[in-house]
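Below is one structure, written out as structure tokens; the observations come after it.
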Amino acid sequence: MKAMIFAAGLGTRLRPLTDHTPKALVSVAGKPMLERVILRLKDAGFNDITVNIHHFGEQIIEFLRANNDFGITIHISDERDMLLDTGGGIKKARPFLESNEPFLVHNADILSDINLTELYRHHQKSNAEATLLVSQRQTSRYLLLDDANRLHGWINKSTGETKPEGLTFQEGQYKEMAFGGIHVISSSLFHYMENGEWTGKFSIIPFYLSVCETARIQGYPLQDYRWFDIGKPETLAKAEKYYSL
């Protein structure tokens, strides 16, 4: 089972912790967040993991080497020349990820107790090309899903902006769900990235929104689970407290 961890981020919200350290190696209760995610994936059966690097990337390479890649196969997708964002990062890592089986994508700064194996199996049983962890929680930006959990759009409640461009809907027409930073992708989705628009640096959510009327992009709604976005000082502190128990 294959997975990818986004570990290339600059971690600007965590400064000064990231002034001399990559965000993925910031400690949470005595253990780097990258290690926590790798071990969670390993426990769920993922034994072939790609890690992308940019900011202080050589520290991540040295960390993985010092830990013997945690006893699994780990590939480095090197973005030190140019940070490619989430969509561009997945596309660059295509040689490591593409196969007959789907792969799971996990932000290094997301910690949760969801059952990753169940999410992966749910995707395998569906005919979707991507399955996104979503939940009902307070945020300003929401994915818009129909009753079958298929993605149709996105809205920024603060600005009123919607995507795809020209999307019109009535209040209550769609479920408004927040993305949880974990998703499962079938290799068939790479076909849609071959369009010239999707080159270099791009984010995965605008890509999903541009193809969701032709490709099946679905949500995987979950509630009542532990979830921390530890890319911010206040949530890092909460995670520190929880994992110290």
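- Side-chain atoms of Asn52 never come within 3.5 Å of backbone atoms of Gly89 as a donor-acceptor pair (strictly under, hydrogens ignored).
- A heavy-atom distance below 4.5 Å is found between the side chains of Pro221 and Asn149.
- The shortest distance between side-chain heavy atoms of Thr73 and Ile49 does not fall below 4.5 Å.
- Looking at residues two or more places apart in sequence or on another chain, you find a side-chain contact (heavy atoms from CB on, under 4.5 Å) between Thr86 and Phe6, Ser203, Ile204.
- You'll find the side chain of Thr117 reaches within 4.5 Å of the side chain of Arg121, heavy atoms only.
- Taking all atoms of both residues into account, the shortest heavy-atom contact from Lys232 to Leu14 is C-CD2, 3.7 Å.
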Next item on the list: Please step through salt bridge (Lys or Arg N to Asp or Glu O under 4.0 Å) for the pair Lys175 and Asp146, ending with a clear verdict.
Entry: CA-CA 6 Å; Lys175 294 183 285 186; Asp146 65 19; over 6 Å; no

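- Within the structure, ring-ring contact (aromatic ring centres under 6.0 Å, His included) pairs that include any residue of residues 42-66 comprise Phe46-Tyr120, Phe63-Phe70 (at least two apart or interchain).
- Taking hydrophobic clusters as Ile, Leu, Val, Met, Phe, Trp and Tyr residues chained together by side-chain heavy-atom distances below 4.5 Å, Phe96 does not share a cluster with Leu189.
- Panel note: side chain Trp227, backbone Ile110; no donor-acceptor pair is recorded below 3.5 Å.
- Of the possible polar contacts, none joining the Arg36 side chain to the Leu111 backbone as a donor-acceptor pair under 3.5 Å is found.
- Ring pair Phe202/Phe207 is tilted by interplanar angle, where 30° to 60° counts as tilted.
- You'll find the side chain of Leu144 stays beyond 4.5 Å of the side chain of Leu151, heavy atoms only.
- Linking Ile, Leu, Val, Met, Phe, Trp and Tyr residues whenever their side-chain heavy atoms come within less than 4.5 Å places Val184 and Val37 in a single cluster.
- Proximity of His106 to Leu116: side-chain heavy atoms (C-beta onward) are separated by under 4.5 Å at one or more points.
- The hydrophobic clustering, which links ILVMFWY residues whose side-chain heavy atoms are closer than 4.5 Å, places Leu64 and Leu41 together.
- Within the 4.5 Å cutoff, no side-chain heavy atoms of Pro32 are placed close to those of Val26.
- In this structure, Asp81 places its CG atom where only 12 or fewer heavy-atom neighbours from other residues, nucleotides or ligands lie under 6.0 Å away.
- The closest side-chain heavy-atom distance from Tyr243 to Phe228 is below 4.5 Å.
- Considering only heavy atoms from C-beta on, Glu176 comes within 4.5 Å of Lys157 through its side chain.
- The side chain to side chain donor-acceptor pair (under 3.5 Å) pairs that include a residue from residues 131-141 are His123-Thr131, Thr131-Gln218, where partners are two or more places apart or lie in different chains.
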